[in-house]
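Please read all numbers here as calculations on a predicted model, not as lab measurements. Positions are given from 1, in the same order as the sequence printed here.
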Amino acid sequence: MREVLIALILDYRYSKDQILEAYLNEVYLGQSRGEAIHGFGLAARLYFGQPLQDLRIDQLALLVGMVKGPSYYNPIRHPERAKQRRDLVLKLMMDQQMLTGREFEMAASRDLDLQKNPQIASRQPAYFQQLKRELSRKVGDKIKASKGVRIYTSLDPVSQDKLEKAIAKRVLSLKKPRAKD
């Protein structure tokens, strides 16, 4: 009875699109170094190293297919199983006329195309400590972590990681002795 009441309240307060968006942002899609990966955006960064909006249809289908069982369909540990599941999602999309036969064939023929060392970029602890200090100073204890408040920052952890690697590589090349003319 309680679940029925909660469902009615959710249906009254939120549109179907808002409920779906909340689910897609919170659904469990695997782990990276002991840290749970929740949401399609973070999973896109982990498995493909790209933002969600830049993924191809086959990559999106893989993520959708993983929802049924993120461990069972883990593309890193079980690539064949994940590929079969992805292809099933693509076939269902074709059956629903969301894809043409040609688009299905192209998408299903692709490899999983995962990034080589799937990992989420470091969490930038100093950045987040500073963010917490600023929030505490400006808002105090009015916001609780469990209240569902979202805070958006300009930090892009994947871009930050790429930048740090590029700088480290450049510094190494500058340290190498140069040949004399």
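Criterion: ILVMFWY side-chain heavy atoms under 4.5 Å apart, direct or through other members. Under it, Val67 and Leu20 are part of a common hydrophobic cluster. Under a hydrophobic-cluster definition in which Ile, Leu, Val, Met, Phe, Trp and Tyr are linked whenever side-chain heavy atoms come within less than 4.5 Å, directly or via other members, Leu62 and Tyr23 are assigned to the same cluster. Note on Leu172 and Ile167: separate hydrophobic clusters, where clusters join Ile, Leu, Val, Met, Phe, Trp and Tyr whose side-chain heavy atoms are under 4.5 Å apart, directly or indirectly. Hydrophobic cluster membership differs between Leu92 and Leu63, with clusters built from Ile, Leu, Val, Met, Phe, Trp and Tyr side chains linked at under 4.5 angstrom. By the rule that hydrophobic residues join a cluster once side-chain heavy atoms approach within less than 4.5 Å of another member, Ile76 and Val64 end up as members of one cluster.
You'll find the side chain of Asn25 stays beyond 4.5 Å of the side chain of His38, heavy atoms only. Counting heavy atoms from C-beta outward, Leu114 and Phe48 have side chains that approach closer than 4.5 Å. Contact of the Leu60 side chain with the Phe40 side chain is not registered, since no non-hydrogen atoms from C-beta on lie closer than 4.5 Å. Side-chain contact between Arg81 and Tyr72 is present, with at least one heavy-atom pair separated by less than 4.5 Å. Contact of the Val171 side chain with the Lys175 side chain is registered, since non-hydrogen atoms from C-beta on lie closer than 4.5 Å. Taking the side chain as every heavy atom from C-beta outward, Tyr73 and His78 never approach each other to under 4.5 Å.
With a 6.0 Å radius and a threshold of 12 heavy atoms from other residues, nucleotides or ligands, Met106 has its CE atom at or below the threshold. Within 6.0 Å of CD in Glu3 there are 12 or fewer heavy atoms belonging to other residues, nucleotides or ligands. Counting heavy-atom neighbours within 6.0 Å of Asp54 CG, excluding the residue itself, gives a total above 12. More than 12 heavy atoms of other shown residues, nucleotides or ligands fall within 6.0 angstrom of atom CZ in Arg137. In Arg133, the CZ atom is crowded: over 12 heavy atoms of neighbouring residues, nucleotides or ligands sit closer than 6.0 Å.
Minimum heavy-atom separation, Arg170 to Ser173: O-OG, 2.7 Å. Across Leu112 and Pro79, no two heavy atoms sit closer than the pair CD1-O, 3.5 Å. A pairwise comparison of heavy atoms in Gly30 and Pro70 identifies N-CB, 3.8 Å as the closest pair. Counting all heavy atoms, side chain and backbone alike, Ala82 lies closest to Pro75 at CB-CA, 3.7 Å. Between Met94 and Phe104, the closest heavy-atom pair is SD-CB, 3.6 Å. Contact detail for Leu29 and Gly39: the closest heavy-atom pair is CD1-O, 3.7 Å.
Side chain of Asp111 to main chain of Asp113: no donor-acceptor pair is present (N/O by atom type, distance under 3.5 Å, no hydrogens or angles). Side-chain atoms of Gln50 never come within 3.5 Å of backbone atoms of Ala44 as a donor-acceptor pair (strictly under, hydrogens ignored). Listed for the Glu103 side chain is a donor-acceptor partner under 3.5 Å among the backbone atoms of Thr100. Ser109 places a side-chain N or O within 3.5 Å of a backbone atom of Glu105 that can act as its donor or acceptor partner. In this structure, Arg85 contributes its side chain and Met66 its backbone to no donor-acceptor pair below 3.5 Å. Put simply, the side chain of Gln59 never gets that close to the backbone of Leu52: no donor and acceptor are under 3.5 Å apart. Between the Arg86 side chain and the Ala108 main chain, a donor and an acceptor come within less than 3.5 Å of each other. When atom types are taken as modelled, the side chain of Ser15 and the backbone of Gln18 share a donor-acceptor pair closer than 3.5 angstrom.
Rounding to the nearest 0.5 angstrom, the gap separating the CD atom in Glu35 from the CG atom in Leu46 is 10.0 Å. Remark: Leu88 CG to Lys83 NZ distance equals 13.0 Å, nearest 0.5 Å. How far CD1 of Ile6 is from CE of Met1: 12.0 Å, rounded to the nearest 0.5 Å.
Using a 3.5 Å distance cut-off with no hydrogens or angles, the side chains of Glu134 and Gln130 do pair a donor with an acceptor.
Between Lys16 and Asp11 a salt bridge is recorded (basic side-chain N to carboxylate O distance below 4.0 Å). The residues Asp87 and Lys91 are annotated as not salt-bridged, no charged nitrogen and carboxylate oxygen being separated by less than 4.0 angstrom.
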